[in-house]
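First the proteins, then the strands, lettered A, B, ... as listed; each starts at 1.
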Protein chains: 2
Amino acid sequence: MNDRKKWEPKPTINDVARLAGVSKKTVSRVINRSPLLNEGTREKVTGVIAALGYVPNPQARALALRRNFLIGLIFDNPNAQTVLNVQLGVLDAIRDTEFELVIRPVDRHSPDLLDGIRAFIEMQRPYGVIMLPPVSENDAVAALCRELDCNYVRMGSAALDAAPHLVQSNDRQAVDHAIGHLAAMGHRRIGFIAGPEGFRSALEREAGFNDAVARLGLDSGPDIRARGNYTFETGHVAGSRLLDAAPRPTAIFSSNDEMAAGVLHAARERGIAVPDDLSIIGFDDAPIAAHIWPPLSTVRWPIAAMARAAALKLVDPADAQAGPSLFMSDLIERASVGTTRG
Amino acid sequence: MNDRKKWEPKPTINDVARLAGVSKKTVSRVINRSPLLNEGTREKVTGVIAALGYVPNPQARALALRRNFLIGLIFDNPNAQTVLNVQLGVLDAIRDTEFELVIRPVDRHSPDLLDGIRAFIEMQRPYGVIMLPPVSENDAVAALCRELDCNYVRMGSAALDAAPHLVQSNDRQAVDHAIGHLAAMGHRRIGFIAGPEGFRSALEREAGFNDAVARLGLDSGPDIRARGNYTFETGHVAGSRLLDAAPRPTAIFSSNDEMAAGVLHAARERGIAVPDDLSIIGFDDAPIAAHIWPPLSTVRWPIAAMARAAALKLVDPADAQAGPSLFMSDLIERASVGTTRG
DNA sequence: TTGTAGGCGTTATCAT
DNA sequence: ATGATAACGCCTACAA
């Protein structure tokens with residue numbers, strides 16, 4: 001495919017123009033798919049490009065266009081698997097294109113969050129940025145992108161933005177459905193571990209729980225509610241509190257899998273058998289869900305597919321206009337859920 | 001810090017030159033820290049740069065230098081936490097510089113692995129690339145980097161390359177020490193789960209086990225050896241095999257934490273108590289190690305620090321000459337190891 | 001120590 | 001539909 005030897009310089013647009021007997025600008029038009037081009041000319045140029053193995057130089061394009069072919073991924077999500085899945089999803093969408101993915105972890109609590117993002121965008125002039133929750137829920141960041149004239153897509157679990165800037169999952173409905181599943185197994189007293197305040201996903205998942213409780217007339221009250229921050233440790237603490245209450249819930253829904261693993265940990269410490277004495281459902285379908293014992297029933301969050309869609313929205317203008325992108329989460333049934341007994 | 005309004009164009013080197021009353025070239029010399037510069041001139045220019053908030057345009061620099069300010073991270077490691085830790089380590093090293101991190105997952109078994117990397121380097125002309133194991137162990141990729149005149153650093157668990165191109169951990173010695181710890185707790189029959197063939201890290205860790213067995217005269221033979229590919233599932237299978245042997249090992253060392261979690265799973269299925277009836281040690285100190293029950297003793301692999309060092313080697317020429325970078329792994333003691341009984 | 005002229009490889013403007 | 005010329009913002013070679 002590439003039989004040049006070391007350091008023979010790569011062909012430039014000038015070489016193509018000369019060999020094709022046209023001007024640089026015409027070659028440029030071919031590269032950029034200009035509509036006003038004689039078909040014969042186009043084919044001739046295309047042929048020379050192929051023969052030479054010519055590839056336009058992204059740096060030069062970036063300078064002339066004042067816009068880089070970089071997709072920035074802005075995230076502050078603490079979950080490694082989520083972040084990696086998103087990266088792979090984005091890369092899948094831009095495979096074999098001139099685009100590259102650059103990584104920008106941020107701290108959404110830092111006072112210079114906005115300054116950092118501004119510096120990045122002004123300096124690198126990325127083609128666009130994709131934002132992961134929870135930082136994607138920050139409207140100030142989106143406003144900054146608009147101010148800087150930088151294209152962006154936000155991933156989230158609610159209607160955060162207009163359709164061209166949004167890829168959304170339906171967490172609320174998915175949790176409602178999961179709780180319904182527990183109720184169908186006979187559970188009436190179902191504990192709920194919310195995610196951290198300030199996470200929209202946490203809010204949506206809690207809303208789904210509330211919907212189900214109201215709809216099905218399940219037990220309610222402060223004893224069945226706790227909150228964590230999506231980490232194993234906080235899940236452990238929250239689970240301990242719920243399990244030490246009397247009467248104890250027969251099932252617990254955790255707003256993510258890491259915390260659910262913490263609940264399992266708490267149950268084991270107390271000699272509570274899962275699923276015999278306690279059913280648990282998590283959220284995300286992270287790898288840990290399948291790896292703990294017993295394997296955890298969970299709501300699959302199609303984050304990689306969402307990321308792929310977000311990248312396509314950024315890169316393909318037609319795709320951006322194609323309307324809202326809503327991704328459905330579904331329940332994965334494993335071994336951590338059983339019927340109530342007693 | 002930045003009080004310009006929307007779309008006032010950013011200052012260029014020309015603006016700086018004009019206001020400072022010098023030529024572009026002089027400004028350029030200031031930017032690039034040229035030694036032959038009158039101190040007064042330098043200060044004057046620096047002052048104007050600060051006053052204007054001037055930042056050199058990376059795209060223009062890339063075009064002129066024929067080299068981008070991108071660090072490529074080439075990896076095919078399946079472990080999300082490892083990959084993310086490496087990313088954060090690299091980003092920590094290049095924070096507040098003009099460098100950016102771009103992500104290149106690859107498939108080391110793909111026939112066009114080299115073509116893909118060649119295309120990336122020729123097209124993007126990154127400042128340098130960092131390679132994670134196991135793809136870092138592929139000498140053909142390193143040779144390609146040299147051929148393309150692209151700086152690179154390999155991360156690995158053995159002396160894969162010359163010092164300027166290598167950041168190394170001492171897996172062999174660390175495993176030897178961990179096995180020694182088990183022996184000190186009275187274990188004589190210690191099972192070993194190797195990593196996948198073709199991983200240098202797997203080879204090194206196995207060598208460390210062999211060293212310890214020979215040194216301490218521990219039990220040996222095929223019944224105490226199994227192999228997995230660093231995933232939970234293969235750890236489960238390998239652990240099952242070891243635990244079904246007679247006599248059964250009183251301790252198992254797994255070449256990574258994921259597989260160790262699989263061993264724990266296998267033990268639980270058989271009613272074997274950990275650590276009472278079986279001690280387990282893993283490798284990596286991945287988050288899962290602290291999250292499973294009982295918390296897993298493991299060898300910490302300082303991968304983020306290694307990544308940081310790799311990035312510094314790439315970015316700072318002085319650092320690259322500073323000699324070999326060897327990182328020590330140490331044993332983290334948690335609750336999965338106990339003394340033998342019976 | 002500093003400046004001038006020209007080039008890096010592409011796209012934009014405005015002709016023709 | 002195509003081309004000449006001038007950007008884009010910086011750096012290198014050479015000159016002063």
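- Distances shown here put every side-chain N or O of T26(A) at or beyond 4.0 Å from the OP1 or OP2 atom of dT2(D).
- Below 30°, between 30° and 60°, or above 60°: for F69(A) and Y127(A) the angle between ring planes is below 30°, a parallel geometry.
- Heavy-atom minimum distance, T97(B) versus I94(B): OG1-O, 2.7 Å.
- Between the NZ atom of K44(A) and the C1' atom of dT2(D) there is a distance of 11 Å, given to the nearest Å.
- In DNA chain D, stems built from 3 or more consecutive Watson-Crick or G-U wobble pairs, each with both distances under 3.5 Å, span C:1-16 with D:1-16.
- Note: CG (N68(B)) to P (dG9(D)) measures 17 Å, nearest angstrom.
- Summarising the geometry, the separation between CG on D15(B) and P on dC8(D) is reported as 11 Å, rounded to the nearest angstrom.
- With sequence neighbours excluded, the residues satisfying side-chain hydrogen bond (donor to acceptor under 3.5 Å, both in side chains) with T26(A) are S23(A).
- Looking at N138(A) and R200(A), their side chains never bring a donor and an acceptor atom within 3.5 Å of each other.
- Taking atom CE of M123(A) as the reference point, atom C1' of dG9(D) lies 13 Å away to the nearest angstrom.
- Side chains of N79(A) and T82(A): a donor-acceptor N/O pair is present below 3.5 angstrom, by distance only.
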Once base and sugar-phosphate atoms are separated, protein heavy atoms under 4.0 Å mark nucleotides 9-16 of chain C, 5' to 3', with B, S and - as BBBB----
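- Judged purely by atom type and a 3.5 angstrom limit, D112(B) has no side-chain atom pairing as donor or acceptor with the backbone of D115(B).
- Considering every non-hydrogen atom in both V153(A) and K313(A), the closest pair reads CG2-CB, 3.9 Å.
- Here dC8(D) presents its C1' atom at 14 Å from CZ of F69(A), a figure rounded to the nearest Å.
- Q87(B) and Q87(A) share a side-chain donor-acceptor pair at under 3.5 Å.
- What separates CZ of R18(B) from C1' of dG9(D) is a distance of 14 Å, to the nearest Å.
- N32(B) and R61(B) are linked by a side-chain donor-acceptor pair at a separation below 3.5 angstrom, with hydrogens and angles left out of the test.
- Atom CD of E39(A) is separated from atom C1' of dT2(D) by 15 Å (rounded to the nearest Å).
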